[in-house]
Amino acid sequence: MSGRPLLNRRLDGLGTTIFAEMSALALTTGAINLGQGFPDTDGPEAIREAAVRALRGGRGNQYPPGMGVPELRTAIVDHQRRFYGLNFDPDTEVLVTAGATEAIAAAMLALLEPGDEVIAFEPFYDSYAASIAMAGGVRVPLTLRAPDFRPDLDALRDAITPRTRLLLLNSPHNPTGMVLTRDEMTAIAELAVERDLIVVTDEVYEHLVFDGGEHIPLISLPGMRDRTVSISSAGKTFSFTGWKVGWVTASAPLLAAVRTTKQFLTYVASGPFQYAIAEALSLPDAYFTAFRDDLQTKRDLLADGLTAAGFEVYRPQGTYFITTDIAALGEKDALAFCRSLPERCGVVAVPNSVFYDDPDAGRTQVRFAFCKKQDILKEAAARLHG
Ligand SMILES: *Cc1c(COP(=O)(O)O)cnc(C)c1O
């Protein structure tokens with residue numbers, strides 16, 4: 001073979017995700033894995049049973065409809081109305097995807113021409129850089145800075161050029177736990193309208209906003225109904241991250257564009273699980289409240305433990321994650337710290353530095369997941385303290 005690299009140049013620098021490296025370390029050292037953000041307890045038993053019933057009943061075992069099974073599309077519409085007062089047509093404005101990940105990739109592949117610029121907060125969720133690159137787009141970071149990680153809206157305005165095609169917005173934000181306020185959302189919406197931008201919103205943590213705060217879907221704001229591709233997923237909300245049921249809600253023309261690429265990625269996925277998630281989305285409000293309260297308790301438990309262990313803790317307003325700073329511990333490099341932590345303390349964490357283009361912005365930031373059993377969180381805190 002020629003000396004030409006096998007992986008195409010669009011994907012330069014996107015080798016193995018940090019989660020694979022750190023989860024492998026967790027396995028070889030037996031450390032507590034607070035790296036990857038998956039719960040260590042499955043979601044509601046009734047929903048697991050719903051999946052078994054669908055599977056046994058022969059529902060979804062063959063290719064489901066390309067848009068998703070009607071029961072799930074209706075349940076998504078009902079959920080958007082119940083929580084946000086939004087109305088969507090289940091036949092033309094809802095698309096079921098293989099998790100939010102596929103929805104994001106499909107949106108980038110559908111909406112970007114090569115060279116189009118995409119503005120996104122950094123630290124980025126790790127699939128963003130890859131999805132933008134695969135679509136030939138150019139990512140333009142808007143850096144969120146400690147301690148509160150609020151976006152600089154003047155910097156956002158300055159970052160918009162004639163080549164900017166879209167904003168890729170994540171709130172509640174992984175990994176910082178920042179949740180955009182109504183004022184920030186409104187300012188972003190006004191900019192999008194003024195500069196005629198599409199906004200793709202990743203809302204997978206929509207039900208994990210703490211301390212009485214609220215999640216505001218950007219698509220609900222004036223001028224945004226026809227320029228927002230709203231993405232969410234069942235994985236985080238129902239603690240079934242392996243089922244990979246996600247969805248897009250958008251105006252019919254935007255949805256049709258995303259569907260065009262999605263149908264050639266997986267075509268369809270997760271047949272029986274789609275029926276189960278239809279039932280999950282119809283759970284009473286009490287489920288969503290109890291889920292959030294449980295995670296808030298766990299946030300507080302781990303935040304206090306990390307503080308006691310000497311970390312600087314940036315208490316998150318939402319999500320599964322706490323970002324910390326290790327400079328207070330005399331450490332200078334998050335990646336090196338995280339590589340040695342399993343051996344030294346028996347805990348796995350993830351360096352936020354790998355989610356930044358600006359190497360200095362997150363050099364001493366380390367992320368811990370708290371979607372774990374309370375005993376595990378206590379044990380992890382004790383090990384870090386010891
Ligand atoms: C977990 C996560 C996703 C992926 O969701 P899936 O439904 O598992 O594909 C997307 N965005 C963010 C910010 C996440 O944390």
Side-chain angles (χ1 to χ4, degrees), residues 17-20 22-23 33-40 42-43 47 68 72 76 79 95-109 118 120-132 134 139 141 144 149 151 167-180 199-209 215 217-218 229-249 258 262 265-266 268-270 273-274 276-277 280-281 291 295 299 316-323 350 352 354-356 367-372:
T17 91
I18 190 72
F19 302 110
M22 291 301 157
S23 290
N33 191 352
L34 303 187
Q36 208 169 3
F38 59 87
D40 60 358
D42 284 350
I47 303 307
L72 177 53
I76 292 165
H79 171 276
L95 174 67
V96 176
T97 57
T101 307
E102 186 194 33
I104 293 160
M108 296 306 126
L109 291 166
V118 177
F121 298 143
E122 72 168 357
F124 301 102
Y125 179 64
D126 75 335
S127 88
Y128 293 0
S131 290
I132 294 167
M134 288 190 280
R139 68 175 185 273
L144 303 178
F149 302 106
L167 310 179
L168 175 49
L169 212 65
N170 173 217
S171 175
H173 181 259
N174 172 6
T176 67
M178 182 274 296
V179 177
L180 291 173
V199 187
V200 176
T201 60
D202 176 344
E203 306 176 47
V204 302
Y205 297 102
E206 61 186 311
H207 289 291
L208 283 179
V209 179
H215 171 69
L218 191 75
V229 176
S230 169
I231 293 172
S232 196
S233 161
K236 309 292 162 54
T237 298
F238 300 110
S239 303
F240 289 116
T241 57
W243 290 9
K244 295 298 285 190
V245 177
W247 52 87
V248 178
T249 46
V258 177
K262 182 265 184 292
L265 292 172
T266 57
V268 290
S270 311
F273 298 126
Q274 292 193 23
I277 295 301
L281 284 168
F291 169 66
L295 268 292
R299 173 199 65 174
Q317 301 169 301
T319 77
Y320 274 177
F321 306 108
I322 294 177
T323 287
V350 161
N352 279 12
V354 301
F355 306 133
Y356 286 89
R367 186 193 86 171
F368 294 86
F370 55 83
C371 47
K372 309 289 174 183

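The basis for the numbers below is simple: all heavy atoms, side chains too, and nothing from hydrogens, waters or symmetry mates. Every number for a ligand or one of its atoms is a count from 1 in the order of the listing. Count residues from 1 along the sequence. Note that the structure is a prediction, hence the values are computed from the model and not measured.
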Checklist line | Exam field: side chain Thr323 to backbone Pro175, donor-acceptor pair closer than 3.5 Å | finding: yes
Notebook entry, point to check: Taking heavy atoms and a distance under 4.0 Å, where does Asn170 meet ligand 1: side chain, backbone, both or neither?
Noted result: side chain
Next item on the list: Tell me which part of Ser233 gets within contact of ligand 1: side chain, backbone, both or neither, using heavy atoms under 4.0 Å.
Entry: side chain
Next item on the list: Check the angle between the aromatic planes of Tyr125 and Tyr128 and answer parallel, tilted or perpendicular using the 30° and 60° thresholds.
Entry: perpendicular
Checklist line | Lys236 to Phe38 six-membered ring, cation-pi geometry met (6.0 Å, 45°) | finding: no
Margin query: Side chain, backbone, both or neither: which applies to Lys244 and ligand 1 if a contact is any heavy-atom pair less than 4.0 Å apart?
Written below: side chain
Note to self: Counting only heavy atoms closer than 4.0 Å, does ligand 1 sit against the backbone of His173, its side chain, both, or neither?
What the structure shows: neither
Check: Asn174 to ligand 1: N or O pair under 3.5 Å?
Finding: yes
Note to self: Rounded at 0.5 Å granularity, tell me how far NE2 in His215 sits from NE2 in His207.
What the structure shows: 8.5 Å
Next item on the list: May I ask whether Tyr205 places a heavy atom under 4.0 Å from ligand 1?
Entry: yes
Next item on the list: Might you work through the side chain to side chain contact (heavy atoms under 4.5 Å, CB included) test for Ser232 and Trp247, ending with a clear yes or no?
Entry: CA-CA 6 Å; Ser232 196; Trp247 52 87; 3.6 Å; yes
Note to self: Please compare Thr319, Ile104, Thr241, Asp202 and report which has the shortest non-hydrogen distance to atom 13 (C) of ligand 1.
What the structure shows: Asp202
Note to self: Angle between ring planes, Phe321 versus Tyr205, binned at 30° and 60°: parallel, tilted or perpendicular?
What the structure shows: perpendicular
Notebook entry, point to check: What protein heavy atom sits nearest atom 2 (C) of ligand 1, and how far off is it?
Noted result: Lys236 NZ, 2.5 Å
Check: Any idea which protein heavy atom is nearest atom 5 (O) of ligand 1, and the distance to it?
Finding: Ala100 CB, 3.6 Å
Notebook entry, point to check: Quick one: which of Phe240, Trp247, Tyr125 has a heavy atom closest to atom 3 (C) of ligand 1?
Noted result: Tyr125
Notebook entry, point to check: Hey, does the side chain of Gln274 reach the backbone of Ala269 with a donor-acceptor pair shorter than 3.5 angstrom?
Noted result: yes
